[in-house]
Amino acid sequence: MRPAFYDRPVLAVAADLIGCILEHDGCSGVIVETEAYHHSEAACHAYVGLTARTSTLFAPAGIAYVYRSYGIHALINAVCEPEDVGAAVLIRALEPLTGLDAMRARRGLQRERDLCSGPGKLTQALGIGLEHNATDLTTGPVVIGSRPERWAGVQIVSDRRIGITRAIELPWRFCVAGSRYLSRPVSAFGGTAVRAAAVC
DNA sequence: CATGGGATTGACT
DNA sequence: GTCAATCCCATGC
């Protein structure tokens, strides 16, 4: 994906990243769940403005924002919109595609459904860590590639975001309808169909 | 400088 | 269903 892909409204990018490929170190998977964050709403780290922690969120479009969550997990986002806007798409779940054996070794378990079905799980499975913060997703080592043909017309639904305490009303979570690889099922609130993702 | 709160996960009741 | 692990950093005194 080129930088211009990310230099658009974060909600559009979050929907369009569904079906695209996240790849690192020989492992890859199809993105089946994303969430959008924007500095205008309180759940976004950039809501507090520009600080040492949030500086990556104000980086150019296409840069990776990787941060530590709950002191344990690394979560990866794709920075979006112009540099004066703090916005990013959190990658929350993948359907494993290649490098399954390496994923199983890193995760310490066998079940394919459990390898990448959560934002902390997929970074562990792909070997993505805090050292990848501020790296370029268009050139690697962590890269996002365009959708395979068979994912072109995938059905997408929106839902409320997971695990946040503020701005919980916004339907800014995007999922592949019916996917078995989501971090959690789509809620009763969600299920609203979103237009089929645009061509990447 | 001390404190508290997470964009989570896995183990356990 | 509950709960601890563990660390970065924003905030407040």
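The sequence lines fix the lettering, A, B, ..., with proteins before strands; numbering per chain opens at 1.
The nearest whole Å value for the distance from the CD atom in A:E35 to the P atom in B:dG6 is 15 Å. Rounded to whole Å, the distance from CG on A:L115 to P on B:dT9 is 13 Å. Rounded to an integer number of Å, the gap from OH of A:Y65 to C1' of B:dA7 is 9 Å. Put simply, CZ on A:F174 is 19 Å from P on B:dA7, counting in whole angstrom units. Taking atom CG of A:L90 as the reference point, atom C1' of B:dT8 lies 11 Å away to the nearest angstrom. Residue A:L57 contributes atom CG, which lies 11 Å from atom C1' of B:dA7 at whole-angstrom precision. In this structure, A:R173 places its CZ atom 11 Å from P of B:dT8, rounding to the nearest Å. Rounded to an integer number of Å, the gap from NE2 of A:H39 to C1' of B:dA7 is 18 Å.
Here the options are A:E35, A:E41, A:H39, the test is side chain to side chain donor-acceptor pair (under 3.5 Å), and the partner is A:Y37; only A:E35 passes.
Using a 3.5 Å distance cut-off with no hydrogens or angles, the side chains of A:Q124 and A:R106 do not pair a donor with an acceptor. Using modelled atom types and a 3.5 Å distance limit, the side chains of A:E95 and A:S179 yield no donor-acceptor pair. Between the side chains of A:E33 and A:Y181, no donor-acceptor pair is found at a separation under 3.5 Å.
Residue pairs meeting the ring-ring contact (aromatic ring centres under 6.0 Å, His included) criterion with at least one member in residues 123-166 of chain A, sequence neighbours excluded: A:H24-A:H132. The ring-ring contact (aromatic ring centres under 6.0 Å, His included) analysis of residues 66-121 of chain A, with sequence neighbours excluded, yields the pairs A:H45-A:Y67, A:Y65-A:Y67.
Remark: the backbone N or O of A:G19 is not paired with any side-chain donor or acceptor of A:R147 at under 3.5 angstrom. At least one donor-acceptor pair closer than 3.5 Å links the side chain of A:T123 to the backbone N or O of A:A74.
Counting heavy atoms from C-beta outward, A:N77 and A:I91 have side chains that stay 4.5 Å or more apart.
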What pairs of nitrogen or oxygen atoms, one from the protein and one from nucleotides 10-13 of chain B, lie under 3.5 Å apart?
{"from": "B:dG10", "atom 1": "OP1", "to": "A:R107", "atom 2": "NH1", "distance (Å)": "2.8"}
{"from": "B:dG10", "atom 1": "OP1", "to": "A:R107", "atom 2": "NH2", "distance (Å)": "2.9"}

Check the interface with nucleotides 11-13 of chain C: list each N/O to N/O pair with the protein under 3.5 Å, or write none.
none

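B:dA7 has A:Y37 stacked on its base ring, the centres lying under 5.5 angstrom apart and the planes within 30 degrees of parallel.
Under the salt bridge (charged side-chain N to carboxylate O under 4.0 Å, His left out) criterion, A:D159 pairs with A:R173, not counting sequence neighbours.
Contact annotation: A:R92 side-chain N/O to B:dT8 OP1/OP2 distance is under 4.0 Å.
For A:Y67 against B:dA7, a side-chain-to-base donor-acceptor contact under 3.5 Å is present.
Closest approach to the A:R68 side chain among C:dC7, B:dG6, B:dA7 is made by C:dC7 (side chain taken as heavy atoms from C-beta onward).
In this structure, A:L109 CG and A:D114 CG are separated by 5.5 Å, a value rounded to the nearest 0.5 Å.
When the side chains of ILVMFWY residues are joined at heavy-atom separations under 4.5 Å, either directly or via intervening members, A:L130 and A:V142 end up in a single hydrophobic cluster.
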Report summary line: Parsed dot-bracket for DNA chain C after applying the Watson-Crick and G-U rules with both distances under 3.5 Å and | for other-strand partners is |||||.||||||.
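For the pair A:I72 and A:L130, nearest-nucleotide mapping onto DNA chain C gives the more 5' position to A:I72.
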